[in-house]
**Student:** 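Have a look at this one before I ask anything.
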Protein chains: 2
Amino acid sequence: MSDLDLIIQRLELHGHRITASRKRVLKALLDAPAHFTVDDVLRQANDVGRATVFRTMKLLQDLNVVCRVMMENGSLHYRLSTSGHHHHLVCRSCGQVADFANCDVSSLIDQLARSTDYQIEGHWLEVYGRCASCRASEPVVAG
Amino acid sequence: MSDLDLIIQRLELHGHRITASRKRVLKALLDAPAHFTVDDVLRQANDVGRATVFRTMKLLQDLNVVCRVMMENGSLHYRLSTSGHHHHLVCRSCGQVADFANCDVSSLIDQLARSTDYQIEGHWLEVYGRCASCRASEPVVAG
DNA sequence: GGTTAACTGATACTTAGTCTCATGTCGGAC
DNA sequence: GTCCGACATGAGACTAAGTATCAGTTAACC
Ligand SMILES: [Zn+2]
Ligand SMILES: [Zn+2]
Ligand SMILES: [Zn+2]
Ligand SMILES: [Zn+2]
């Protein structure tokens with residue numbers, strides 16, 4: 001069963017219709033590089049209306065088909081997502097994104113809950129750095 | 001020395017001019033509630049040009065006079081900031097924001113650096129929950 | 001007081017996303 | 001297979017958030 005079929009199955013499972021536009025958006029996503037903007041999708045699936053692309057992206061986000069990556073400059077990128085709760089580690093040089101799901105924010109959260117008396121219900125964490133291959137090819141010069 | 005004077009001092013220290021527009025923006029910030037949007041400032045300092053307000057907010061951000069709080073709905077709020085690196089704990093009910101600077105993301109970061117071989121250089125963390133008083137006044141009903 | 005680089009603000013533009021509503025179509029019922 | 005209604009679409013106007021341009025103003029330094 002292809003990735004496309006799996007996503008379609010998930011849509012059906014939640015009572016959403018499988019329309020030609022949605023298929024075109026899905027095709028665009030699956031053909032796209034590891035992360036991309038809504039605008040990339042708009043260009044790729046250029047016969048699908050603007051509003052529909054945005055609506056579809058939101059739908060896919062709600063179904064955990066895609067997740068959003070906040071780039072350091074504030075722009076939102078999207079990325080196919082298989083797992084549940086996770087975070088992103090974004091390379092400042094090449095833009096490569098790594099997921100990490102073994103997020104041990106929980107101890108931080110527990111400690112925070114105790115010290116602030118808030119009941120903590122969610123969090124958003126993005127981490128920025130430089131990946132191994134970028135470090136190798138463009139070493140940062142001291143001074 | 002007033003808060004206003006302290007901020008002015010910081011601007012001067014970095015070679016920025018003290019203009020009437022900047023003072024009007026600063027006054028708006030200092031009169032504003034604990035967090036606010038650029039639009040709030042625009043309305044409050046309504047005789048200052050739009051571009052100038054945005055430029056001033058960016059300047060103040062660079063000088064660590066204000067910090068940005070990402071609300072759960074994606075909108076950006078601002079907040080006077082005294083400390084350096086810190087994070088926000090936002091109440092979903094009343095919107096109250098608490099800072100926390102004793103952020104022990106560092107152990108998470110170290111672990112992450114080891115497992116991914118990224119050199120980690122920055123992070124962005126926002127935490128959402130419900131504050132003590134909101135929990136007391138609007139308890140979440142089970143079921 | 002004069003000089004000048006920094007600053008301002010009007011305005012046009014861009015980017016990201018939402019709203020409306022008339023029209024189209026998916027998919028279940030028959 | 002075709003009928004039908006709720007769901008979905010798309011054109012386009014609109015909003016929100018921010019940037020770019022540029023002629024005119026002004027703070028700070030002498
Ligand atoms: Zn890289
Ligand atoms: Zn997490
Ligand atoms: Zn609260
Ligand atoms: Zn931190």
Side-chain angles (χ1 to χ4, degrees), chain A residues 4-5 7-29 32 35-63 65-79, chain B residues 4-5 7-29 32 35-63 65-79:
Chain A
L4 182 59
D5 291 337
I7 298 173
I8 287 178
Q9 203 176 42
R10 176 130 33 143
L11 282 167
E12 286 172 335
L13 195 65
H14 286 82
H16 300 289
R17 292 192 182 165
I18 309 308
T19 65
S21 297
R22 283 181 180 165
K23 277 192 202 158
R24 272 177 265 148
V25 169
L26 288 176
K27 190 130 193 356
L29 298 194
H35 56 104
F36 49 85
T37 62
V38 172
D39 221 64
D40 293 334
V41 178
L42 276 166
R43 266 193 305 274
Q44 190 65 32
N46 68 321
D47 45 357
V48 180
R50 179 178 184 66
T52 299
V53 168
F54 276 101
R55 282 188 289 238
T56 304
M57 291 309 291
K58 181 173 287 177
L59 178 59
L60 294 175
Q61 200 182 301
D62 291 345
L63 295 176
V65 170
V66 298
C67 56
R68 304 192 300 174
V69 184
M70 179 67 77
M71 305 308 273
E72 222 165 359
N73 65 10
S75 76
L76 262 187
H77 283 225
Y78 288 78
R79 172 174 169 80
Chain B
L4 181 61
D5 291 336
I7 299 174
I8 286 177
Q9 204 177 40
R10 176 130 32 142
L11 281 166
E12 285 172 337
L13 194 66
H14 287 82
H16 300 289
R17 291 192 183 165
I18 310 307
T19 66
S21 297
R22 284 182 178 163
K23 277 191 203 159
R24 272 177 266 148
V25 169
L26 288 176
K27 189 129 194 354
L29 299 194
H35 55 104
F36 49 84
T37 62
V38 173
D39 220 65
D40 293 333
V41 178
L42 276 166
R43 265 195 304 274
Q44 191 62 34
N46 68 322
D47 45 356
V48 180
R50 177 178 186 66
T52 300
V53 169
F54 276 100
R55 283 187 288 238
T56 305
M57 291 309 292
K58 181 173 286 175
L59 178 59
L60 293 176
Q61 198 182 302
D62 291 345
L63 295 177
V65 171
V66 298
C67 56
R68 303 192 301 175
V69 184
M70 179 67 77
M71 303 310 271
E72 222 164 0
N73 66 9
S75 76
L76 263 188
H77 283 224
Y78 288 78
R79 173 174 170 80

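Quick note on labels: first sequence line is chain A, next is B, and so on, each numbered from 1. Values below: all heavy atoms of this structure, side chains included; hydrogens, waters and symmetry mates excluded.
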**Student:** Could you tell me the separation between the CG atom of B:Leu13 and the C1' atom of D:dA28, rounded to a whole number of Å?
**Tutor:** 16 Å
**Student:** Against B:His77, only a single residue in B:Thr37, B:Val66, B:Asp40 fulfils side chain to side chain contact (heavy atoms under 4.5 Å, CB included); can you say which?
**Tutor:** B:Thr37
**Student:** How far does CD of B:Gln44 sit from CG of B:Leu42, to the nearest 0.5 angstrom?
**Tutor:** 11.0 Å
**Student:** Taking the side chain from B:Arg22 and the backbone from B:Arg17, do they hold a donor-acceptor pair closer than 3.5 Å?
**Tutor:** yes
**Student:** How many Å lie between NE2 on B:His14 and P on C:dC7, as a whole number?
**Tutor:** 13 Å
**Student:** Distance check needed: C:dT8 P versus B:Lys23 NZ, whole Å only.
**Tutor:** 12 Å
**Student:** I'd like to know if B:Asp39 pairs up with B:Arg43 as an ion pair, taking the criterion as any Lys NZ or Arg NE/NH1/NH2 lying under 4.0 Å from an Asp or Glu carboxylate oxygen.
**Tutor:** yes
**Student:** Between B:Leu11 (CG) and C:dA6 (P), how many Å, whole number?
**Tutor:** 15 Å
**Student:** Identify which one of A:Ile8, A:Leu60, A:Leu11 satisfies the side chain to side chain contact (heavy atoms under 4.5 Å, CB included) criterion when paired with A:His16.
**Tutor:** A:Leu11
**Student:** One character per nucleotide, please: for nucleotides 7-19 of chain D, 5' to 3', B when the base has a protein heavy atom closer than 4.0 Å, S when only the sugar-phosphate does, - otherwise.
**Tutor:** BSBBB-----BBB
**Student:** Counting only N and O atoms by type, is there a donor-acceptor contact under 3.5 Å from the side chain of B:Arg10 to the main-chain atoms of B:Leu63?
**Tutor:** yes
**Student:** Distance check needed: C:dT18 C1' versus A:Met57 CE, whole Å only.
**Tutor:** 16 Å
